[in-house]
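Take a look at the structure below.
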Number of protein chains: 2
Amino acid sequence: MEASKIIKGSMSAIILQLLQNNGRMYGYEITKAVRDGSRGKTKITEAALYPALHRLEEAGFLETESEIVDGRIRKYYKLNRQGKKETALQIDALKESILSLQKILKYKLKNG
Amino acid sequence: MEASKIIKGSMSAIILQLLQNNGRMYGYEITKAVRDGSRGKTKITEAALYPALHRLEEAGFLETESEIVDGRIRKYYKLNRQGKKETALQIDALKESILSLQKILKYKLKNG
DNA sequence: TGATTATGCCTAATTTTTTTAGGTATAAAA
DNA sequence: TTTTATACCTAAAAAAATTAGGCATAATCA
């Protein structure tokens, strides 16, 4: 498996938050951000990323603009207003989920 | 969606850790532990749990024993030696993934 | 009494999303 | 000249959850 399972489930939240942090990004840059941001511990494959980007665009959260740089095409993605709302929702949910997860992992039965 | 996406990806680690913490547990008890442990914020459905338990058993990490309590059957699951090893591996990986995730979410481009 | 809730196991079909395994192309570095 | 980095992407398969139930006992509530 390329990405850890926890990253798999957080794919869209990660994409949205990275776009929030950086204004606009292109796909390849996102894969590098995940790799570098985690000091190489975590990777997302392009085969997982691009469909995820397209789903977010399809859902109406992203806008795109293409540029040619050094003879190669780059497709930049950025959040629109709805995307910014969605980012806030997903990141809040994600943070709460992490807290819940940490509590669950410590859970012990009262009668145990 | 019943369980948050992050819980989805951590299903097996959660099950293993709960068994580690509590010696033995039965399915219904695990669903309650997740619900109560997260103060109701997170739930896993039985339709997700039971197949996950069966996969872990199939993989050789769990042993079972059935009992009848109050006229109803209970199937207890507990870790075997290999399951304890696997729990340590998965929990280490999970904790590292959470750290990576938190770093990724803060990531900003150098040239941004 | 009768209906609902809680307890307790489970599965089939569908859906979602990732992985596997590529394709296409330019440019730089070894 | 081959590999690495950059840059987009998809089709088919696999994995795993959700949806939508089934089956059953016991306790609680109206």
Side-chain angles (χ1 to χ4, degrees), chain A residues 1-16 24-36 40 42-59 62 64-77 90 93-94 97 101 109 111, chain B residues 1-16 24-36 40 42-59 61-62 64-77 90 94 97 101 109 111:
Chain A
M1 141 191 34
E2 269 297 330
S4 70
K5 288 187 181 171
I6 210 167
I7 301 301
K8 281 171 57 168
S10 314
M11 184 79 81
S12 68
I14 289 171
I15 292 170
L16 292 170
R24 65 173 200 172
M25 298 179 83
Y26 54 99
Y28 189 72
E29 192 175 37
I30 293 173
T31 67
K32 283 190 299 180
V34 169
R35 175 161 45 74
D36 297 349
T42 300
K43 291 180 183 70
I44 56 175
T45 61
E46 295 182 33
L49 175 68
Y50 287 111
L53 279 170
H54 299 158
R55 284 194 296 272
L56 288 168
E57 189 181 4
E58 183 70 19
L62 305 183
T64 66
E65 36 190 68
S66 291
E67 286 179 20
I68 293 172
V69 181
D70 294 329
R72 293 188 215 88
I73 210 167
R74 273 187 197 170
K75 193 165 160 191
Y76 282 98
Y77 293 84
Q90 289 205 17
L94 180 56
S97 292
L101 176 56
L109 296 171
N111 55 328
Chain B
M1 139 193 34
E2 266 298 329
S4 70
K5 287 186 182 171
I6 210 166
I7 301 300
K8 279 171 58 167
S10 315
M11 183 78 81
S12 66
I14 289 171
I15 292 170
L16 292 171
R24 66 174 201 171
M25 297 179 83
Y26 53 98
Y28 190 71
E29 192 176 38
I30 293 174
T31 67
K32 283 189 300 179
V34 169
R35 174 161 45 74
D36 296 348
T42 299
K43 291 182 183 69
I44 57 175
T45 60
E46 296 181 33
L49 175 67
Y50 287 110
L53 279 170
H54 300 160
R55 284 194 296 273
L56 289 169
E57 188 182 4
E58 183 70 19
F61 301 136
L62 305 184
T64 65
E65 37 191 69
S66 290
E67 287 178 21
I68 293 174
V69 180
D70 293 329
R72 294 189 213 86
I73 208 165
R74 274 187 195 170
K75 194 167 159 191
Y76 281 98
Y77 293 84
Q90 289 206 18
L94 180 57
S97 292
L101 175 57
L109 296 170
N111 55 328

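Below, chains carry the letters A, B, ... as their sequence lines are ordered, and counting in each starts from 1.
Note that the OG1 atom of B/Thr64 and the CZ atom of B/Arg74 stand 15.0 Å from one another [nearest 0.5 Å]. A distance of 7.0 Å separates CD1 of A/Ile44 from CD1 of A/Ile30, quoted to the nearest 0.5 Å. Atom CZ in A/Arg35 sits 7.5 Å away from atom NZ in A/Lys32 (nearest 0.5 Å). Atom CG of B/Leu56 is separated from atom CG of B/Leu62 by 5.0 Å, given to the nearest 0.5 angstrom.
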Annotated protein contacts, base or backbone, on nucleotides 1-9 of chain C with a non-hydrogen cut-off under 4.0 Å, one of B, S, - each: -----SBSB
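Atom CD1 in A/Ile30 sits roughly 11 Å away from atom P in D/dC9 (whole-Å rounding). Spacing between atom CD of A/Glu58 and atom C1' of D/dC9 amounts to 16 Å, rounded to whole angstrom units. When the C1' atom of D/dT6 is taken as reference, atom CE of A/Met25 falls 15 Å away, rounded to whole Å. If you measure from atom CD1 of B/Ile44 to atom C1' of D/dA17, you get 12 Å, rounded to the nearest angstrom. Computed from coordinates, the A/Lys8 NZ to C/dT19 C1' distance equals 8 Å when rounded to whole Å. One atom, CG of B/Leu49, and another, P of D/dT18, lie 11 Å apart when rounded to the nearest Å. Distance, A/Ile15 CD1 to C/dT17 P: 11 Å, rounded to whole Å. We find that CD1 of A/Ile6 is positioned 17 Å from C1' of C/dT17, with the value rounded to whole Å.
Residues meeting the salt bridge (charged side-chain N to carboxylate O under 4.0 Å, His left out) test with B/Arg24, sequence neighbours left out: B/Glu65, B/Glu67. Residues meeting the ring pair (Phe, Tyr, Trp, His ring centres under 6.0 Å) test with B/Tyr76, sequence neighbours left out: B/Tyr26.
Heavy-atom nearest nucleotides on DNA chain C were determined for B/Ala48 and for A/Ser12, and the one closer to the 5' end corresponds to B/Ala48.
Contact check, A/Arg55 against C/dT15: no side-chain N or O comes under 4.0 Å of OP1 or OP2.
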